2 protein chains.
Amino acid sequence: MSRPEAITPAKVRDAAPLFAALGDATRLGLLVSLCSGGPVSVTRLSATFEVSRQAITKHLEVLAEAGLVRSSRQGRERIWTFEPRRLDDAHHYLERLSRQWDDALGRLKAFVER
Amino acid sequence: MSRPEAITPAKVRDAAPLFAALGDATRLGLLVSLCSGGPVSVTRLSATFEVSRQAITKHLEVLAEAGLVRSSRQGRERIWTFEPRRLDDAHHYLERLSRQWDDALGRLKAFVER
DNA sequence: CAAAACCGCAACCAAAGGGTTGCACCATTC
DNA sequence: GAATGGTGCAACCCTTTGGTTGCGGTTTTG
């Protein structure tokens with residue numbers, strides 16, 4: 001049967017930078033903060049971490065590039081907000097991978113028991 | 001109420017290298033191949049990709065380090081197999097993040113409507 | 001046993017990543 | 001209007017990463 005949810009090379013190229021953005025402890029920590037704490041400014045965020053404010057800014061921009069975070073100016077501050085949609089994308093991608101594996105196992109089993 | 005599924009810094013440090021391993025198009029492609037095609041040798045795998053066999057080996061070792069893949073010698077070949085468990089870990093991690101966000105939204109809503 | 005196939009190891013290279021410091025620039029506040 | 005607080009930008013640094021080439025070693029195969 002056809003497999004409409006197959007993982008195309010295009011999807012691979014789309015998902016890779018998303019996972020890459022998640023692949024850093026500091027950035028994951030930032031996401032956790034933004035998830036549970038709500039919108040905050042950079043200096044407030046960087047107070048929790050052990051690296052400089054400028055480093056945190058760079059990380060936030062990487063997250064923004066991946067679509068995991070959004071920023072908006074508010075007076076002299078720049079407020080950063082979590083963006084849940086892209087996280088769902090990553091979620092779905094992993095699910096497709098798992099399903100592909102299960103399908104392969106199923107085919108293997110059917111072949112062996114034949 | 002207490003929150004036993006909270007994302008601790010330890011979990012962040014554990015999850016980061018896992019996502020980092022997923023954060024490369026070539027490695028994702030390798031995972032897709034191993035998921036759908038079953039156990040294969042390096043040279044067979046590298047035939048599909050545009051980089052050298054040695055580069056593919058490096059990628060596979062990164063995936064193995066992250067626990068996403070396993071290898072076993074078999075005669076003169078080294079056979080690589082997909083390992084689904086760590087993929088579930090990543091899956092669960094993303095789910096915890098989503099839930100944390102939903103909880104925060106719920107608290108915000110309760111606060112606003114108070 | 002000689003040739004071919006499969007792999008491991010090492011050296012090397014260019015580019016990207018994560019981090020820092022220093023300074024200039026608005027917006028607030030006193 | 002002067003000081004302060006929050007950012008932005010640029011230069012610079014070291015390490016990691018993704019990739020290559022070259023070569024030697026070990027199973028298969030003819």
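Every chain is numbered from 1 and lettered A, B, ... according to where its sequence line falls, protein lines coming before strand lines. All figures in this text were calculated on a predicted structure; none of them were measured in a lab. For the numbers below, each heavy atom of this structure counts, side chains included, while hydrogens, waters and symmetry mates do not.
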Check the distance between [N]'s [atom2] and [X]'s [atom1] and give it to me in whole angstrom.
X        : N       : atom1 : atom2 : value
Ile56(B) : dG8(C)  : CD1   : P     : 13 Å
Gln54(A) : dT21(C) : CD    : C1'   : 8 Å
Arg44(B) : dC7(C)  : CZ    : C1'   : 16 Å
Glu77(A) : dT29(C) : CD    : C1'   : 14 Å
Gln74(A) : dA27(C) : CD    : C1'   : 13 Å
Arg53(A) : dC23(C) : CZ    : P     : 15 Å
Arg73(B) : dC6(C)  : CZ    : C1'   : 8 Å

Does [X], at its [atom1] atom, have more than 12 non-hydrogen atoms belonging to other residues, nucleotides or ligands within less than 6.0 Å?
X        : atom1 : answer
Arg73(B) : CZ    : yes
Arg44(A) : CZ    : no
Glu65(A) : CD    : no

Inset, instruction - With heavy atoms under 4.0 Å as the rule, sort Val62(A) into base, sugar-phosphate or nothing. - result: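 No contact at all - Val62(A) keeps every heavy atom at 4.0 Å or more from the nucleic acid.
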Legend entry - Side chains of Arg70(A) and Thr81(A), donor plus acceptor under 3.5 Å: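 The answer is no; no qualifying pair exists.
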Legend entry - Thr43(A) versus Arg53(A), side-chain donor and acceptor atoms under 3.5 Å: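 Absent: no donor and acceptor within the cut-off.
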Legend entry - Boundaries of the chain B footprint along DNA chain D (any atom under 4.0 Å from a heavy atom):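 Result: dG18(D) to dT28(D).
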Legend entry - Whichever of Ala20(A) and Ile79(B) has its nearest DNA chain C nucleotide further upstream toward 5':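 Its nearest nucleotide being more 5', the pick is Ile79(B).
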Inset, instruction - Using the closest heavy atom to pick a nucleotide of DNA chain C for each, name whichever of Ser41(B) or Glu50(A) lands nearer the 5' end. - result: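 Comparing both residues, the 5'-ward one is Ser41(B).
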Legend entry - Salt bridge present between Asp14(B) and Lys11(B) (N-O < 4.0 angstrom):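 A salt bridge is absent here (no side-chain N lies under 4.0 Å from a carboxylate O).
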Legend entry - Phosphate-side-chain proximity, Ser52(A) and dT20(C), N/O vs OP1/OP2 below 4.0 Å: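 True: Ser52(A) side-chain N/O within range (under 4.0 Å) of dT20(C) OP1/OP2.
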Inset, instruction - Would you tell me if any nitrogen or oxygen in the side chain of Arg78(B) comes within less than 4.0 Å of OP1 or OP2 on dG8(C)? - result: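 The answer is yes; a side-chain N or O of Arg78(B) sits under 4.0 Å from OP1 or OP2.
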Legend entry - Upstream residue (5' side of DNA chain D) when Thr43(A) and His59(B) are each assigned their closest nucleotide: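 The residue closer to the strand's 5' end, by nearest nucleotide, is Thr43(A).
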Inset, instruction - Might you point out which heavy atoms bring Trp80(B) and Leu34(B) nearest each other, and give the distance in Å? - result: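 Closest approach of Trp80(B) to Leu34(B), heavy atoms only: O-CD2, 3.5 Å.
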Inset, instruction - Go through the N and O atoms of the side chain of Arg27(A) and the base of dG18(C), and report whether any donor-acceptor pair is under 3.5 Å. - result: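 In this structure, the two groups form no donor-acceptor pair.
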